[in-house]
Amino acid sequence: MADHRQHRRGAVGREPGRPRAARARHARAVPRGDVMLEVLATGPLTTVQDRGRTGWSSLGVGTSGAADRRSHDAANRLVGNMIDAATLEVTLGGLVLRARTEVVLAVTGAPTPFTVDGVPQGHGAVVVVGSGAEIRLDWAPVGLRTYVAVRGGIDVPRVLGSRSTDSLSGIGPERVAPGALLPIGHDAEDWPRADMNPYPFEHRTTLRVIPGPRADRFTDDALDLLLAQPWTVRTDSDRVGMKLQGAEPLSRSREDELPSEGMVTGALQVPPSGLPVLFLVDHPVTGGYPVIAVVVSADLGSAAQCAPGQTIRFSV
């Protein structure tokens, strides 16, 4: 995997000092004209994401990909991209870009106000940005993750079939940094894919769960307690997992640990503290703590939009 990491640093790193291999790769993807986005600021965290890498869990590699896949897909559809084209996932806001050529983009997910050269633009709409213009995302008033798609997609190298940054394993491109030059690819299809946002932002704070598969390792009232009380998203949550704080921890009926077993996105794993951790897209592929319930797949995008300090609930 070391070779992959060396190549990807050249893909989104600063222009000076890029490896020769990275220059050659960019030259093939963008033959002339520096068809790129220049990164001026990134906010707390900006990463390149697509729909993730599948088929590698047997080797300990998770899927990763966009935390809110519906919003990622919506952005790509608005600009006429293939559904798996890479977008920018922006946590909380604060991204500032400069277009080095005319680009077509869309912003979806958390409704972050954004401007082009100081002029407010529509969220969930197609925006044409002239060469040299500055694109600025403000801070999200609600939600957590915003997606920026450009027509053609972000053209960083694929690692194990995906352009996604996996924050747990380190596989994929580095997190986006100020000074990076992001090449624009050719993952576009015929117009139009959509003329309005097919998946408007929904800020759900009650997440539906399916009990189990290890509910038998908890006391009889543990599942009722999970559903009855509110849970606060802790500030040390990330793309790996949403750590939750509640008034009453969940109690186990057995103290012996399980052998490690497969984990899925949405699993509510309960460590000895009794405070659940909701696994998100960069979760480990195995775990040894019991899972009391799993968030249904339709609500995973809503889970990914829950910001630190927010209160959420679970229902069946």
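In this chain, numbering begins with 1 at the start of the sequence shown. Keep in mind it's a predicted model, so treat the numbers as computed, not measured. Below, all heavy atoms of this structure are taken into account, side chains as well, without hydrogens, waters or symmetry copies.
Judged purely by distance below 3.5 Å, without hydrogens or angles, the side chains of Arg239 and Ser64 pair a donor atom with an acceptor atom. For the residue pair Thr146 and Thr112, a side-chain donor N or O sits within less than 3.5 Å of a side-chain acceptor on the partner.
Listed for the Arg69 side chain is a donor-acceptor partner under 3.5 Å among the backbone atoms of Arg51. Without hydrogens or angle criteria, Gln229 side chain to Ala247 main chain gives a donor-acceptor distance under 3.5 Å. No donor-acceptor pair under 3.5 Å is formed between the side chain of Arg214 and the backbone N or O of Gln269. A donor-acceptor pair is defined here as one N or O able to donate and one able to accept, closer than 3.5 Å; no such pair exists between the side chain of Arg77 and the backbone of His72. Put simply, the side chain of Arg313 gets close to the backbone of Ala228: a donor and an acceptor are under 3.5 Å apart. Looking at Gln305, its side chain does come within 3.5 Å of a backbone N or O of Leu144 through a donor-acceptor pair. For the pair Asn76 (side chain) and Asn81 (backbone), a donor-acceptor distance under 3.5 Å is absent. Judged by distance alone, the side chain of Thr235 and the main-chain N or O of Pro308 form no donor-acceptor pair under 3.5 Å. No donor-acceptor distance shorter than 3.5 angstrom exists from the side chain of Gln121 to the backbone of Val127, with no hydrogens or angles considered.
Residue pairs satisfying the ring pair (Phe, Tyr, Trp, His ring centres under 6.0 Å) criterion with at least one member in residues 249-283, sequence neighbours excluded, are listed as follows: Phe279-His283.
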Set out, in order, the CA-CA distance, both residues' side-chain angles and the distance that settles salt bridge (charged side-chain N to carboxylate O under 4.0 Å, His left out) for Asp84 and Arg163, then state yes or no. CA-CA 9 Å; Asp84 197 38; Arg163 295 185 171 98; over 6 Å; no

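Hydrophobic cluster membership differs between Val277 and Val270, with clusters built from Ile, Leu, Val, Met, Phe, Trp and Tyr side chains linked at under 4.5 angstrom. Hydrophobic cluster membership differs between Tyr147 and Val48, with clusters built from Ile, Leu, Val, Met, Phe, Trp and Tyr side chains linked at under 4.5 angstrom. Note on Val39 and Ile184: same hydrophobic cluster, where clusters join Ile, Leu, Val, Met, Phe, Trp and Tyr whose side-chain heavy atoms are under 4.5 Å apart, directly or indirectly. Both Leu278 and Leu227 are assigned to one and the same hydrophobic cluster, defined by single-linkage of ILVMFWY side chains at heavy-atom distances under 4.5 Å. There is a path of hydrophobic side-chain contacts, each under 4.5 Å, that joins Leu37 to Val116.
Side chains of Asp166 and Arg53 form a contact here, defined as non-hydrogen atoms less than 4.5 Å apart. With a 4.5 Å cut-off on side-chain heavy atoms, Gln49 and Thr165 count as touching. Counting only heavy atoms from C-beta outward, the side chains of Leu181 and Arg100 approach each other to under 4.5 Å. Asp238 places none of its side-chain heavy atoms less than 4.5 Å from the side chain of Ser167. Asn197 is not listed as a side-chain neighbour of Ser71, based on a closest heavy-atom distance of 4.5 Å or more. Val79 is not listed as a side-chain neighbour of Val150, based on a closest heavy-atom distance of 4.5 Å or more.
Contact check on Arg254 versus Asp216 returns no salt bridge, with no Lys/Arg side-chain nitrogen under 4.0 Å from an Asp/Glu carboxylate oxygen.
Membership of the apolar cluster around Val296 extends to Ile210, as traced through chained side-chain contacts below 4.5 Å between ILVMFWY residues.
Other residues, nucleotides and ligands place more than 12 heavy atoms under 6.0 Å from the CZ atom of Phe218.
For Ile312, the side-chain contact (heavy atoms from CB on, under 4.5 Å) partners are Leu207, Trp231, Val233, Met242, Leu244, Cys306, Gln310, Phe314, not counting sequence neighbours. Legend: residues meeting side chain to side chain donor-acceptor pair (under 3.5 Å) with Thr219, ordered by chain and number and at least two apart, are Asp221. Partners of Arg208 under the side chain to side chain donor-acceptor pair (under 3.5 Å) rule, at least two apart in sequence or in another chain, are Asp299. With sequence neighbours left out, the ring pair (Phe, Tyr, Trp, His ring centres under 6.0 Å) criterion links Phe114 to no other residue.
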